[in-house]
Amino acid sequence: MAWYSSGNNFIYRIVNVSKIYGKGRLAVKALKNISFNVLKGEFLVIMGPSGSGKTTLLNILGLLDKPSSGKVFFLNKDVSLLKDSEASEYRAKHIGFVFQQFNLIPWLTALENVEVALAIGGCPRRIRRDRAYSLLKLVGLEERAHHRPRELSGGEQQRVAIARALANDPQVLLADEPTGNLDSKSGAQIISILRRLSKEGKTVIVVTHNPQIAEVADRVIYLRDGMLVKV
């Protein structure tokens with residue numbers, strides 16, 4: 001895959017982005033003049049030591065936070081200064097999230113957890129259940145659809161979380177340490193699913209310390225002390 005392409009092939013363009021928390025002597029510069037592009041359909045991994053700015057960067061990519069300076073172009077639109085309501089609408093349409101903590105609703109079944117995400121996205125009731133079931137089948141959990149989170153392994157819960165993140169057919173899937181709480185076998189299953197989603201056209205961006213994910217990524221970028229040290 002070529003990393004230099006026409007602007008229409010980029011899903012993200014990050015231009016001189018910095019993020020500062022606090023003011024004056026207490027200011028902390030979490031990101032320092034970062035610039036890079038992400039191609040549509042790319043499987044990108046972001047690595048670096050703790051405190052390097054990885055999660056801050058992921059939050060900016062996910063429109064959960066705004067840069068202090070610089071520009072973020074997403075789908076050729078400058079999203080750097082969107083109002084919160086506009087950013088929320090953009091996230092709902094285009095971005096799915098997977099976290100280290102699975103964040104499933106404990107009293108709902110796997111199927112119902114995915115249905116809730118579909119309902120929030122405006123999916124009609126008449127097709128919601130079939131859509132949720134098809135998403136669980138996509139991650140190999142159709143036979144566990146009626147189990148609650150406590151009845152599922154960690155790897156199975158993370159697969160439900162991925163199905164939920166795909167509920168509204170996002171163009172981008174952002175994952176923060178998706179294998180961090182899993183054993184190696186379950187982690188390998190999650191990596192395989194993410195790789196497959198990328199091959200099917202999703203842009204997948206993963207923050208991780210796991211070298212196994214880096215091995216199957218299209219590209220790895222490294223952060224240290226808020227700076228991009230390797231692309």
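These figures come from a predicted structure and were not determined experimentally. Keep in mind that the numbers below use all heavy atoms, side chains included, and drop hydrogens, waters and symmetry copies.
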*Please say which of Lys54, Gln101, His209 ends up in a side chain to side chain donor-acceptor pair (under 3.5 Å) with Glu177.*
His209
*For the side chain to side chain contact (heavy atoms under 4.5 Å, CB included) test, which of Val114, Ile120, Leu118, Asn113 pairs with Val116?*
Ile120
*Looking at OG1 of Thr179 and CG of Asn181, how far apart are the two atoms once the value is rounded to the nearest 0.5 Å?*
9.0 Å
_Verdict with supporting geometry, Asp169 and Lys202, salt bridge (Lys or Arg N to Asp or Glu O under 4.0 Å)_ = CA-CA 9 Å; Asp169 195 23; Lys202 300 288 183 194; 2.5 Å; yes
*Between the main-chain N or O of Val204 and the side-chain N or O of Ser198, is there a donor-acceptor pair closer than 3.5 Å?*
no
*Cut-off 3.5 Å, side chains only: do Asn210 and Thr208 have a donor facing an acceptor?*
no
*Determine, stepwise, if the pair Ile11 / Glu42 fulfils side chain to side chain contact (heavy atoms under 4.5 Å, CB included).*
CA-CA 9 Å; Ile11 197 161; Glu42 183 177 356; over 6 Å; no
*Minimum heavy-atom distance Gly187-Leu182, with the two atoms named*: N-CB, 4.0 Å
*If two hydrophobic side chains count as joined below 4.5 Å and joins carry through other members, does Phe97 share a cluster with Leu57?*
yes
*Do the charged groups of Arg195 and Asp218 touch, with an N to O distance under 4.0 Å?*
yes
*asked:* Quick check against the 3.5 Å criterion: does Thr109 have a side-chain atom that pairs as donor or acceptor with the backbone of Glu112?
replied: yes
_Donor-acceptor contact below 3.5 Å, side chain Glu200 vs main chain Leu197_ = no
_Between Ile60 and Leu31, is there a side-chain heavy-atom distance shorter than 4.5 Å?_
yes
_Under a 3.5 Å threshold, yes or no: a donor from one side chain and an acceptor from the other, between Asp176 and Gln100?_
no
_Checking the side chain of Glu86 only, and the main-chain atoms of Lys83 only, is there a donor and an acceptor separated by less than 3.5 Å?_
yes
*Between Asp84 and Lys66, is there a side-chain N and carboxylate O pair less than 4.0 Å apart?*
yes
*Following the transitive rule for hydrophobic clusters with a side-chain heavy-atom cut-off under 4.5 Å over Ile, Leu, Val, Met, Phe, Trp and Tyr, establish whether Val79 and Phe36 coincide in one cluster.*
yes
_Looking at Pro170, is its backbone amide N or carbonyl O close enough to the side chain of Asn168 to form a donor-acceptor pair, meaning the two atoms are under 3.5 Å apart?_
no
*Around Arg196, counting heavy atoms of other residues, nucleotides and ligands shown, do more than 12 lie under 6.0 Å from its CZ?*
yes
*asked:* Distance check, rounded to the nearest 0.5 Å: Leu138 atom CG versus Tyr133 atom OH?
replied: 13.0 Å
*asked:* Donor-acceptor pair, distance only, cut-off 3.5 Å: does the side chain of Ser18 make one with the backbone of Ser69?
replied: no
*Tell me, with the steps shown, if Ile205 and Tyr12 meet side chain to side chain contact (heavy atoms under 4.5 Å, CB included).*
CA-CA 11 Å; Ile205 302 177; Tyr12 283 104; 3.8 Å; yes
*Leu61 versus Ile14: any side-chain heavy-atom pair under 4.5 Å?*
yes
Show me, pair by pair, the donor-acceptor contacts under 3.5 angstrom made by side chains of residues 158-167, not counting sequence neighbours?
unit_1: Gln158; atom_1: NE2; unit_2: Phe99; atom_2: O; d: 3.0
unit_1: Gln158; atom_1: NE2; unit_2: Pro178; atom_2: O; d: 2.8
unit_1: Arg159; atom_1: NH1; unit_2: Val139; atom_2: O; d: 3.1
unit_1: Arg164; atom_1: NH1; unit_2: Asn103; atom_2: O; d: 2.7
unit_1: Arg164; atom_1: NH2; unit_2: Phe102; atom_2: O; d: 2.8

*Thinking salt bridges, do Arg144 and Glu156 make one under a 4.0 Å N-O criterion?*
yes
*So how far is it from Gln189 CD to Leu194 CG, rounded to the nearest 0.5 Å?*
12.0 Å
*Is the NZ or CZ atom of Lys93 both under 6.0 Å from the centre of the six-membered ring of Tyr90 and within 45° of that ring's axis?*
no
*What is the minimum heavy-atom distance between Arg91 and Gly62, and which atoms define it?*
CD-O, 2.8 Å
_From NE2 (His147) to CG (Leu141), nearest 0.5 Å_ = 10.5 Å
*Spell out, as yes or no, whether a donor-acceptor pair under 3.5 Å connects the side chain of Ser186 to the backbone of Asp183.*
no
*May I ask you to check whether over 12 heavy atoms, not counting those of Glu143, lie within 6.0 Å of atom CD?*
no
*Less than 4.5 Å apart, any side-chain heavy atom of Ile221 and any of Val45?*
no
*Is there a path from Val207 to Leu64 through hydrophobic residues (I, L, V, M, F, W, Y) whose side chains come within less than 4.5 Å of each other?*
yes
*Does any non-hydrogen side-chain atom of Ile46 lie less than 4.5 Å from one of Leu223?*
yes
*Is the closest side-chain heavy-atom distance between Lys29 and Tyr21 below 4.5 Å?*
no
_Minimum side-chain heavy-atom gap Phe43-Ile213 below 4.5 Å_ = yes
*When you measure from the side chain of Thr203 to the backbone N and O of Lys40, does any donor-acceptor pair fall under 3.5 Å?*
no
*To the nearest 0.5 Å, what is the distance between CG (Asp65) and OG1 (Thr56)?*
7.0 Å
*Would you kindly confirm whether Ile105 and Leu111 end up in one hydrophobic cluster when ILVMFWY residues are joined by side chain heavy atoms under 4.5 Å apart?*
no
_Could you tell me if the side chain of Pro67 sits less than 4.5 Å from the side chain of Lys19, heavy atoms only?_
no
*asked:* Go through it in stages, so that I can follow the logic: the residues are His94 and Leu75, the test is side chain to side chain contact (heavy atoms under 4.5 Å, CB included), and I'd like the CA-CA distance, side-chain angles, deciding distance and then a yes or no.
replied: CA-CA 9 Å; His94 301 296; Leu75 295 170; 3.7 Å; yes
*Transitively linked via ILVMFWY side-chain contacts under 4.5 Å: Leu82 with Leu58?*
yes
*Quick one: closest heavy-atom pair of Arg224 and Val229, and the distance?*
CB-CG1, 3.9 Å
*Would you check, one step at a time, whether the test side chain to side chain contact (heavy atoms under 4.5 Å, CB included) holds for Ile34 with Val15?*
CA-CA 7 Å; Ile34 286 179; Val15 183; over 6 Å; no
_Could you measure the distance from the NZ atom of Lys71 to the OG atom of Ser80? Nearest 0.5 Å is fine._
5.5 Å
